[in-house]
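Below is one structure, written out as structure tokens; the observations come after it.
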Amino acid sequence: MATSAPSPGSAATELTLPALHASHAGSWLCGPEGSVRGVSKGEAVMAAADTPHLILNAPLVSTRLGYPDLSGLDLLELFAFVHPAVFCVPTPKGLAHALGLEEPEDGAGVPHLLRQAAAVLLTTCESKDWAAREGAWSILQTMKRLRWPWAQVLSPHVAKPERAEKWLFSRLPEWEESPERAQPAQVALGEVAIQGQLERLTGEGSEKREGQRAYARDVGAIFAPRERRARPHVLLAQAGTGIGKTLGYLAPASLWSEQSGGTVWVSTYTKNLQRQLRSEAARAWPDRRADGSRPVVVRKGRENYLCLLNLEDALQGGFGGRAAVLAQLVARWAAYSQDGDMIGGDLPGWLGTLFRARAIKSLTDQRGECIYAGCPHYRKCFIERAARASAQADLVIANHALVMVNAARGRDHAQRPTRIVFDEGHHVFDAADSTFAAALTGQEAIELKRWILGPERGSKGRRRGLAARLADVASYDEAGSEAIDAACEAAQALPGEGWLGRLAENAPSGEIETLLAAVRALTYARDESGALDAGYGIETEAAGLEGDFVERAQAAAQALAQIRGPLIKLGVRLEAMLEDPPDWLDAQGRARIEGARFSLSWRIDTLAAWEALLGRLGGPADPQFVDWLSVERNDTREFDIGLHRRFLDPMKPFANVVLEPSHGVMLTSATLTDRGEEGPDWPGAIAKSGASHIEVQPRLADALSPFDYAARAEVLIVTDVKKGDLAGLAGAFARIIEASQGGVLGLFTAIRRLRAVHGRIADRLAREGLPLYAQHVDPIDTGTLVDIFRDDPRASLLGTDALRDGVDVPGHSLRCVVMEQVPWPKPSILHRARRAAGGGGAYDDQIIRGRLAQAFGRLIRSKDDSGHFICLSPAFPSRLLTAFPPGVPVIRLTLDEALQRVAAGVSCKPALHEEDVAK
Ligand code: SF4
């Protein structure tokens with residue numbers, strides 16, 4: 001493929017291929033000779049359908065052109081091949097930065113950038129210094145057979161290696177077994193030592209921050225030796241943004257792990273904080289110890305990691321068409337990945353969306369079908385490596401759900417966390433709520449059936465059912481073999497492929513489908529939420545059930561018990577084999593049986609929870625639980641049906657499973673307490689920590705933010721955008737983004753309104769050079785959307801809940817947060833029960849203030865940040881204003897007045913109206 005001399009205005013060599021770029025502002029084509037012209041969408045589509053063009057992010061360009069089948073030579077795919085496991089923001093600007101090229105001035109400059117970027121990437125492949133050369137030639141040969149559009153272009157640039165390349169699976173290193181760690185020494189941390197460690201971490205001569213010092217001292221107390229069994233030290237520490245919270249707890253944590261030889265777990269809610277923690281932890285620990293092991297390990301749920309067995313299946317014909325190309329690119333990545341984490345690790349978030357994200361999921365171990373030591377890749381498995389590394393680590397960085405799951409059913413005692421810092425502690429309640437939930441739905445039941453019986457006929461891959469996974473046990477142990485047969489037979493009662501269709505036709509098969517059919521009929525009969533007509537999910541409480549329904553539930557419970565019985569028997573047989581092992585059982589076989597026993601006990605627990613849920617139906621309500629029936633729908637399409645059970649207070653099981661066995665636990669957050677009229681609500685925070693369920697009185701600490709919120713932020717409540725006026729809402733968003741010249745984070749409570757607003761204003765804003773991105777609209781994952789937003793100060797981003805909590809964009813890129821309305825809680829059946837138990841309207845107010853405080857928290861991330869927080873709600877209740885930091889001016893005003901203030905920035909603050917000030 002020829003490269004051409006630089007075109008006018010560009011400095012780099014270009015590839016002489018046609019290029020296409022489309023944004024909300026317009027479409028541009030560059031011919032092979034290098035001339036660029038603006039074209040209509042129709043002309044762009046015709047050109048791309050005729051000849052493969054260079055494009056960037058095909059799904060996004062397709063959306064912009066309104067032409068779903070667009071294909072071409074996507075620069076992102078080439079980037080993933082040439083630079084696997086390297087970060088790149090998937091925009092023209094991001095690509096330019098990643099490759100050291102000049103960023104284009106406008107849309108018309110993008111086609112040249114694409115030609116330059118292609119030339120740079122191809123030249124890299126010819127360079128001796130290409131870091132990712134190994135494996136490239138071999139994979140390229142397969143990619144040619146798969147007709148990957150880039151294969152022919154790349155071929156002349158990737159030289160055949162002199163020696164045969166190592167295949168991915170032989171290239172990956174093996175993990176090594178290490179001895180179990182001894183229990184930690186009982187040490188108490190002295191205040192002087194903690195302050196000394198804090199100074200060491202913050203750096204010699206750095207400014208001493210009193211708030212941070214007091215915070216570190218308070219945290220030190222959770223590491224003190226425990227006085228009584230099942231009575232951990234619990235600390236609730238509210239830490240205002242900017243006090244230096246992370247180093248504040250890493251100082252005592254690192255000191256304790258050094259002196260005691262134990263492991264501290266830090267649990268977060270967002271991946272963002274995990275990334276930040278990983279870099280801050282480098283101040284306390286080296287990357288590697290003298291023996292090569294890592295003292296700091298990021299640990300995620302197993303469903304995040306690449307399963308090498310699944311990848312091998314995909315590479316050997318399990319994936320066809322475009323998905324087969326994706327599998328090859330994932331294989332490229334796996335060879336260079338730091339830890340094999342596919343979700344939020346070093347696999348670009350955009351790779352899945354280029355090929356439809358479901359394929360990525362199917363490469364992970366979603367269903368717990370791991371065959372452990374029976375797997376040929378067991379010794380190289382990323383998941384096993386991460387589990388072993390965390391057992392030896394001083395600091396394990398994990399998320400709330402994983403910490404809770406590990407505490408509940410960690411594979412061995414040594415891996416259960418005992419000293420835990422829950423950062424972003426205001427999310428612990430929600431994480432506990434999901435972790436300790438039970439849901440007997442069609443999708444869950446079908447997963448269990450697959451786990452027991454293996455995939456149904458016709459499906460590709462090497463996944464196996466219980467009988468195949470434990471064939472050696474079955475041939476050795478007759479009772480074990482009978483238990484497996486009995487479980488397989490009983491599992492026929494679970495739903496199978498096509499169950500949703502059968503339910504729709506009222507032709508269910510088996511006891512569980514029969515029950516689900518009744519759930520579906522009853523939910524349609526009783527739901528009054530209004531969601532039915534709107535196309536959303538519907539639900540009804542599990543109360544007032546007719547005899548016929550209860551009989552079906554009992555039959556289903558019996559069917560489940562008939563599965564659980566043999567699984568328990570099988571577990572006993574496995575246990576016996578481990579205690580009195582046969583001669584042929586080597587270490588690998590033992591590990592496999594231990595793995596099987598572990599996943600068995602998980603399934604047995606699930607079945608027991610389902611039976612308990614069904615057993616209560618028709619009887620008196622248990623005040624500990626909230627039970628309901630649901631039909632999950634999206635745009636009227638049903639995708640799951642089932643029965644649900646939640647704890648009214650999920651902190652009760654949290655206290656028993658997580659707190660009680662621990663020695664020291666801290667919950668910390670900038671918004672740990674609700675702020676009502678009377679100031680911080682500590683009794684509420686204590687109740688929400690679960691500590692009272694185990695009769696522990698937590699220590700309390702409150703470190704105020706050093707930021708001058710009163711001078712650097714304003715809350716504007718716009719009073720003249722009427723509720724329900726979609727055109728008015730869209731117009732308001734557009735004008736605010738124009739006044740602010742981008743940098744706006746728009747938060748919605750309904751996806752439908754978000755889409756409608758985006759659809760009305762995105763083109764207009766793009767023509768003014770103000771790109772607008774949106775969750776649920778752009779085919780880009782949320783993490784990448786935030787990367788794009790952070791990277792471009794003129795960009796704005798619209799989204800829902802995930803953005804309210806997870807966006808950390810300090811600096812100029814985020815200067816205005818706009819909420820479309822007061823974030824009322826969704827009036828679900830679960831919410832109604834908790835509201836009744838929690839004080840009615842006061843309970844709602846707490847939730848809303850928490851959400852407002854979180855959303856406001858996105859605005860000021862560093863001491864130099866400033867900006868506006870706008871709520872487009874004429875009826876914003878004054879009692880919610882305490883959500884904002886004390887002293888921040890709160891102004892009720894018209895949209896026109898708000899625009900003037902946004903355009904002027906926060907330093908210009910004469911009150912236009914009577915000002916409230918947050919108390
Ligand atoms: S050990 Fe399990 S998770 Fe790991 S590669 Fe093998 S099957 Fe997959």
Side-chain angles (χ1 to χ4, degrees), residues 166-178 297-319 326-328 330-345 347 358-391 398 402 405-406 409-412 415 447 450-455 459-473 574 586-603:
K166 274 191 188 173
W167 169 231
L168 163 70
F169 299 101
S170 47
R171 192 174 185 273
L172 290 172
E174 295 197 342
W175 46 259
E176 284 168 11
E177 284 289 5
S178 0
V297 170
V298 176
R299 178 89 191 270
K300 308 227 174 132
R302 55 186 304 121
E303 68 286 357
N304 285 270
Y305 295 94
L306 172 68
C307 165
L308 292 170
L309 191 60
N310 285 352
L311 176 62
E312 191 183 17
D313 275 350
L315 294 173
Q316 293 179 350
F319 279 11
L326 171 67
Q328 297 295 332
V330 169
R332 281 284 285 150
W333 160 80
Y336 293 91
S337 168
Q338 195 183 350
D339 56 8
D341 174 7
M342 301 190 86
I343 323 275
L347 182 79
R358 281 185 55 176
I360 291 278
K361 273 200 164 177
S362 65
L363 292 174
T364 61
D365 180 34
Q366 288 287 317
R367 298 176 186 147
E369 289 162 322
C370 175
I371 48 176
Y372 298 96
C375 166
H377 311 301
Y378 181 61
R379 294 299 306 270
K380 299 178 174 212
C381 171
F382 288 115
I383 302 169
E384 293 299 320
R385 184 194 313 281
R388 274 164 187 79
S390 74
L402 182 72
V405 167
N406 248 45
R409 42 171 194 255
R411 247 157 80 189
D412 56 57
Q415 293 218 22
E447 289 294 315
R450 285 190 190 127
W451 182 81
I452 295 173
L453 294 176
S459 45
K460 290 182 179 171
R462 301 199 311 182
R463 296 196 182 107
R464 297 278 184 268
L466 204 53
R469 294 201 298 269
L470 291 175
D472 51 355
V473 173
L574 296 182
D586 56 10
Q588 292 225 348
R590 192 179 171 85
R592 185 162 50 84
I593 291 180
E594 275 175 355
R597 192 184 51 161
F598 167 70
S599 35
L600 258 181
S601 62
W602 173 11
R603 277 11 184 255

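One-based numbering along the sequence shown. The analysis underlying the following values was restricted to heavy atoms, covering all of them including side chains, and did not include hydrogens, waters or symmetry mates. All ligand and atom numbering here is 1-based and tracks the order in the structure.
- Looking at atom 2 (Fe) of ligand 1, its nearest protein heavy atom turns out to be Cys370 SG, 2.4 Å.
- Distance check for Cys375 against atom 6 (Fe) of ligand 1: an N/O/S atom falls below 2.8 Å.
- The nearest heavy-atom contact from the protein to atom 4 (Fe) of ligand 1 is Cys381 SG, 2.4 Å.
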Practice task
Start with the C-alpha gap between Val330 and Phe319, add the side-chain angles, then the distance that decides, and say whether side-chain contact (heavy atoms from CB on, under 4.5 Å) holds.
Solution key: CA-CA 12 Å; Val330 169; Phe319 279 11; over 6 Å; no
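- The nearest protein atom to atom 8 (Fe) of ligand 1, hydrogens excluded, is given as Cys307 SG, 2.3 Å; this is a heavy-atom distance.
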Handout entry: Steps toward side-chain contact (heavy atoms from CB on, under 4.5 Å) verdict (Arg603, Ser599)
Key = CA-CA 6 Å; Arg603 277 11 184 255; Ser599 35; 3.6 Å; yes
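- Taking all atoms of both residues into account, the shortest heavy-atom contact from Leu363 to Ala314 is CD2-CB, 3.8 Å.
- Side-chain atoms of Asn310 come within 3.5 Å of backbone atoms of Thr364 as a donor-acceptor pair (strictly under, hydrogens ignored).
- A distance-only check finds no donor-acceptor pair linking the side chain of Arg597 to the backbone of Ile593 [under 3.5 Å].
- Protein heavy atom at the shortest distance from atom 5 (S) of ligand 1 is Leu308 N, 3.3 Å.
- With a 4.0 Å heavy-atom cut-off, ligand 1 is reached by the side chain of Arg302 but not by its N, CA, C or O.
- Set against the non-hydrogen atoms of Leu309, the atoms of ligand 1 under 4.0 Å away are 5 (S), 7 (S).
- Below 30°, between 30° and 60°, or above 60°: for Phe382 and Trp333 the angle between ring planes is between 30° and 60°, a tilted geometry.
- Counting atoms of ligand 1 from 1 in the listed order, those under 4.0 Å from a heavy atom of Ile383 are 3 (S).
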